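Please read the structure below before turning to the comments.
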Amino acid sequence: MQRSLWAFALAVTATSALANSKETSNTQWVDTFIGTGGDGHTFPGAVVPFGMVQLSPDTDNPMRGESKQAEIYKRCAGYHYDDHTITGFSHTHFSGTGHSDLGDLLVMPMTGDIKTSAGTADNPEQGYRSRFSHDKEWSEPGYYGVELQDYDITAEVTATTRVGMHKYTFNSADKGHVMFDLTAAIYNFKNKVIWSDLRKVDDHTLVAYRATNGWARNRLMYFAIKFSQPISDYQFINEDDNRYRCMGCLGKEKHSTIENKAVKQAAGKAVKFVASFNDVKDEPLYIKVGLSAVSRSNALENLHTEVPGWDFDKTRQAAKAQWAKHLDKVNVTGSVAQKRQFYTALYHTLQAPSIYQDVNGQYRGVDGEIHEGKGFEHYTLFSLWDTYRALHPLLTYIAPERVSGMIQSMLVHYQQSYEKMLPIWSFHAHETWTMIGYHAVSVIADAYLKGIRGFDTDLAVEAILSTANNPVYDAIPEYKKFGYVPMDVLPESVSITLEYAYNDYAIARLFESMGKTSLSKEYYARAMSYKNVFNKETGYMRGRDSNGKWNPDFNPFEAKYMGTFTEGNSKQYSFYVPQDVAGLIDLMGGDDKFEQRLDALFDTHLSDDMIKEHEDIAGLIGNYAHGNEPSHHIAYLYNYAGKPWRTQERIRQIMDTLSSDKPDGLAGNDDVGQMSAWYIFSAMGFYPVAPGDLSYAIGAPQVEKVTLKLAGNKTFTTYAKGLNAENKYIQSVTLNGKAFNRNYLTHDDIVAGGELRYVMGSKPNKAWGQRIDARPPALSEYK
């Protein structure tokens, strides 16, 4: 057997041994490649729950302006399953986003001649990238491995919260090299790197830094790098000024004064470093990389604290154990494919928001300054337009101990923000101002109402009021003045109005529970603003200007970039009134007409020409776009019209046609776990249509049994008796043995523990959950 095949077999055997040692853990069902194909935009590499480090292979990073936008879009996570070359392993990634950044500190091992550029996918031999095959690629939670075919190197990576660990086995070479490319990035383009530097401290240690100007402006990251073997030779490459620096050529440069040549350092906008090692045949080369957004010294402290030794397998096992602890909070009975989908979805929901704080408590704030995180864990990556819907409500059950830290992180963001705003779409100490609404208030309200209050509640009230009345954010003054955002003031005006109205409802619920009666009444009134953009003539939500005139160019099918809707059309957004579905039903003509409108959404074809300006509108069933968040609650709305069996049909239709356990098994971007959270709730049979009202519309369970392990040693189990391909309809429901006729659950039902038992059949039971008093609560019931 050739040594490369032997190494591959050994790595796979080690993987199997580790899996078998924990064969009862739900980690066995996770396939990290689900979502890496299509437009799922997930990555397969090593990360621990909520970890700061996401160490994963990058398969291509086409330069902006040198490739089609669609090719860049496919690789938002750095890796795409369709690709067949790897450019290296970088330490930070987004999971499932529709835009990208990060890709910090690309590391690539090689043999033979040293190559300093990546080359191309068509001609990988021109650069340092390598071909690979999915047949010789493997992973599990917290670990990834692959055979780099061009170099006959077995590459393996694992991670802790703040440290990435590499293991490179050089199967057929005596000498090996490792490239550190500080120019590489995801969504790369010229001049993205503002500045970088790298210093060789000793024969085992490097420290580095870079600032990038991407989606986040002037984003800083520091690195501490340790080798298990001494560097035998090295090269600094500075492409910024076309000079090639090495120990043999430093003396050829002319300087204005004496230079200390003992300092091994390079700085610029295009710095790379190659470390060479003479004796790599006898044992693998290990590399540890600590990250910090604060300083090099903090990166070193993170490295030494979290990975003090060189035991790669121990680090890998610890990462897997962390995943087992989290994934084993939920037990599922179902087919292998169902378990693979469910646990991979759960895995994706537990990656963000992620820790953004060093082991000494320091973190970089949104003001650019260094702060001490006293008494809480500091988190980053708040994709709130996506995640307020299902991810954050799910975390209140599967990771409640994390939620208060996440909210306190939002509150210090507010304090540090020069605009005095809660986060909108923020990451790595930067607010991107991407997407719309002020959905942090929904996350805060939902948690508070569920009894999660380990954050500064007085500061929360201050931050909410400042954000919801902010004079510099997305036409809030005009929204308050007119009761809607005028289309001649701001694009996407209808969507913004509708989302503000929902946010105001969440605020009202919070203030009502706090006994702030006058404030709650004010925000309940603001929550009715959706009616101001409902056009009775057309029966749709429609833009209007500052004079009250309706948009004359209205087309309910058209999703126009920077039109009156956000990543959607009026057909979809006319159903975005999660806080008052009963009121919307009245506007649309009652239960039967509302059902007809929902059917028309699902059954009417949406032409490509109507959505050509938006990449995110995907996973279509008619006009329903499961690949994008504005549609996620819509299938559940039949319940509010007393037609729960129609919701049951639609949920099965979505599940059967738009999800699988294959690499392209997500209908669109996972969006930092939101798509996965939708799957988890829907598989259990219920969904939070309006987070903050503490109710969950019942859909149709998609797996036989799910048990949630809750706080206080309680469990909540859903059991679907008779569930199969034909039996998709609920016949009856019991909760703890008692007949349950509501077509919705409450938070109290869940946290009290017990068993929700569905009896399934092949024909709908149109009597169950149909009555007015069986439907989810209307806004008027709260006011």
Side-chain angles (χ1 to χ4, degrees), residues 39 69-70 73 98-99 385-386 434-437 474-475 478-479 482 484-502 529-578 584 587-589 593-594 596-635 637 650 654 658 667-669 671:
D39 286 328
Q69 181 64 27
Y73 181 73
H99 192 21
W385 184 79
D386 307 294
T434 303
M435 307 314 295
I436 61 173
D474 278 5
E478 288 82 1
Y479 168 71
F482 296 105
Y484 62 93
V485 175
M487 58 182 289
D488 54 330
V489 172
L490 199 66
E492 304 181 356
S493 58
V494 180
S495 295
I496 293 172
T497 299
L498 295 172
E499 299 203 19
Y500 283 175
Y502 161 72
S529 298
Y530 74 90
K531 294 184 177 181
N532 297 327
V533 289
F534 183 83
N535 180 231
K536 293 181 180 179
E537 179 184 352
T538 62
Y540 289 99
M541 301 295 175
R542 183 177 179 182
R544 59 195 306 191
D545 65 19
S546 301
N547 296 316
K549 294 181 179 179
W550 296 102
N551 179 12
D553 300 321
F554 175 70
N555 181 339
F557 290 92
E558 186 176 38
K560 188 176 182 181
Y561 179 70
M562 288 299 170
T564 52
F565 295 93
T566 302
E567 293 186 5
N569 62 22
S570 186
K571 295 283 288 186
Q572 298 153 4
Y573 254 103
S574 289
F575 291 106
Y576 186 83
V577 188
L584 180 64
L587 286 178
M588 289 188 172
K593 290 187 176 179
F594 188 73
Q596 293 168 11
R597 288 288 300 274
L598 286 168
D599 284 344
L601 178 81
F602 281 95
D603 298 337
T604 305
H605 174 68
L606 180 60
S607 70
D608 292 340
D609 188 57
M610 290 289 100
I611 58 173
K612 62 184 179 182
E613 298 184 17
H614 286 287
E615 296 162 315
D616 275 321
I617 300 177
L620 292 173
I621 300 176
N623 273 249
Y624 174 85
H626 190 65
N628 205 22
E629 277 65 28
S631 288
H632 275 191
H633 69 294
I634 293 177
L637 298 185
R650 294 300 187 190
I654 295 166
L658 295 177
N669 309 155
D671 281 314

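Just so it is clear, the values below take in all heavy atoms, side chains as well, and ignore hydrogens, waters and symmetry mates. The shown structure was predicted, so the numbers you read here are calculated from the model rather than taken from an experiment.
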Handout entry: Y479 side chain near I496 side chain, heavy-atom distance below 4.5 Å
Key = no
Handout entry: Any donor-acceptor pair under 3.5 Å from N669 side chain to G627 backbone
Key = no
Exercise for the section: Flag the pair T538 / W550 as yes when at least one side-chain heavy-atom distance between them is below 4.5 Å, and no otherwise. Expected result: no
Handout entry: Donor-acceptor contact present, side-chain D386 to main-chain E629, <3.5 Å
Key = no
Exercise for the section: Locate the shortest heavy-atom distance separating D599 from R650; write the atom from each residue and the value. Expected result: OD1-NH2, 3.1 Å
Handout entry: Min side-chain heavy-atom separation P630-W385 under 4.5 Å
Key = yes
Fill in the blank from the handout: Heavy-atom closest pair (H626 atom, H632 atom, distance to 0.1 Å) is O-NE2, 3.0 Å
Practice task
Search all heavy atoms of A625 against all heavy atoms of I617 and return the closest pair with its distance.
Solution key: CB-CG2, 3.9 Å
Exercise for the section: Would you check if Y573 and T566 make a side-chain contact, meaning some heavy-atom pair closer than 4.5 Å? Expected result: yes
Practice task
Mind checking side-chain hydrogen bond (donor to acceptor under 3.5 Å, both in side chains) for R542 and listing every partner two or more places apart, or none if nothing turns up?
Solution key: N535
Problem - Side-chain ion pair, D603 and K571, N-O less than 4.0 Å - result: no
Practice task
Could you check if a side-chain atom of E478 sits within less than 4.5 angstrom of a side-chain atom of S493, using non-hydrogen atoms only?
Solution key: no
Practice task
Determine, using ring centers only, whether Y484 and F534 are less than 6.0 Å apart.
Solution key: no
Exercise for the section: Using modelled atom types only, decide if a donor and an acceptor are shared between the side chain of R597 and the backbone of G539 within a distance under 3.5 Å. Expected result: yes
Handout entry: Exam field: side chain T497 to backbone V485, donor-acceptor pair closer than 3.5 Å
Key = yes
Problem - Side chain to side chain, M541 and Y530, heavy atoms closer than 4.5 Å - result: yes
Practice task
Could you label the plane-to-plane angle of the F602 and Y624 rings as parallel, tilted or perpendicular, counting under 30° as parallel and over 60° as perpendicular?
Solution key: parallel
Practice task
Could you go through the side chain to side chain contact (heavy atoms under 4.5 Å, CB included) check for V489 and F482 one step at a time?
Solution key: CA-CA 12 Å; V489 172; F482 296 105; 5.6 Å; no
Exercise for the section: Measure the spacing between CD of Q596 and CG of L601 and express it to the nearest 0.5 Å. Expected result: 14.0 Å
Completion exercise
Heavy-atom closest pair (T564 atom, G543 atom, distance to 0.1 Å) is CG2-CA, 4.3 Å
Exercise for the section: Would you please say whether a donor-acceptor pair under 3.5 Å links the side chains of N569 and Y540? Expected result: no
Fill in the blank from the handout: When every non-hydrogen atom of G568 is compared with those of F565, the smallest separation belongs to O-CB, 3.3 Å
Problem - Closest non-hydrogen atom pair between G98 and D671, with its separation - result: N-OD1, 3.9 Å
Problem - Side chain proximity check, R544 to K549, heavy atoms < 4.5 angstrom - result: no
Exercise for the section: With sequence neighbours excluded, tell me which residues meet ring-ring contact (aromatic ring centres under 6.0 Å, His included) with H633. Expected result: Y576
Problem - Main-chain N/O of S546 paired to D488 side chain as donor or acceptor, under 3.5 Å - result: yes
Exercise for the section: Check whether any side-chain heavy atom of F554 lies under 4.5 Å from a side-chain heavy atom of S570, and answer yes or no. Expected result: yes
Exercise for the section: Might you work through the side chain to side chain contact (heavy atoms under 4.5 Å, CB included) test for Q572 and L606, ending with a clear yes or no? Expected result: CA-CA 11 Å; Q572 298 153 4; L606 180 60; 4.2 Å; yes
Exercise for the section: Evaluate the criterion side chain to side chain contact (heavy atoms under 4.5 Å, CB included) for residue pair E567 and M435; output intermediate values, then yes/no. Expected result: CA-CA 9 Å; E567 293 186 5; M435 307 314 295; 3.7 Å; yes
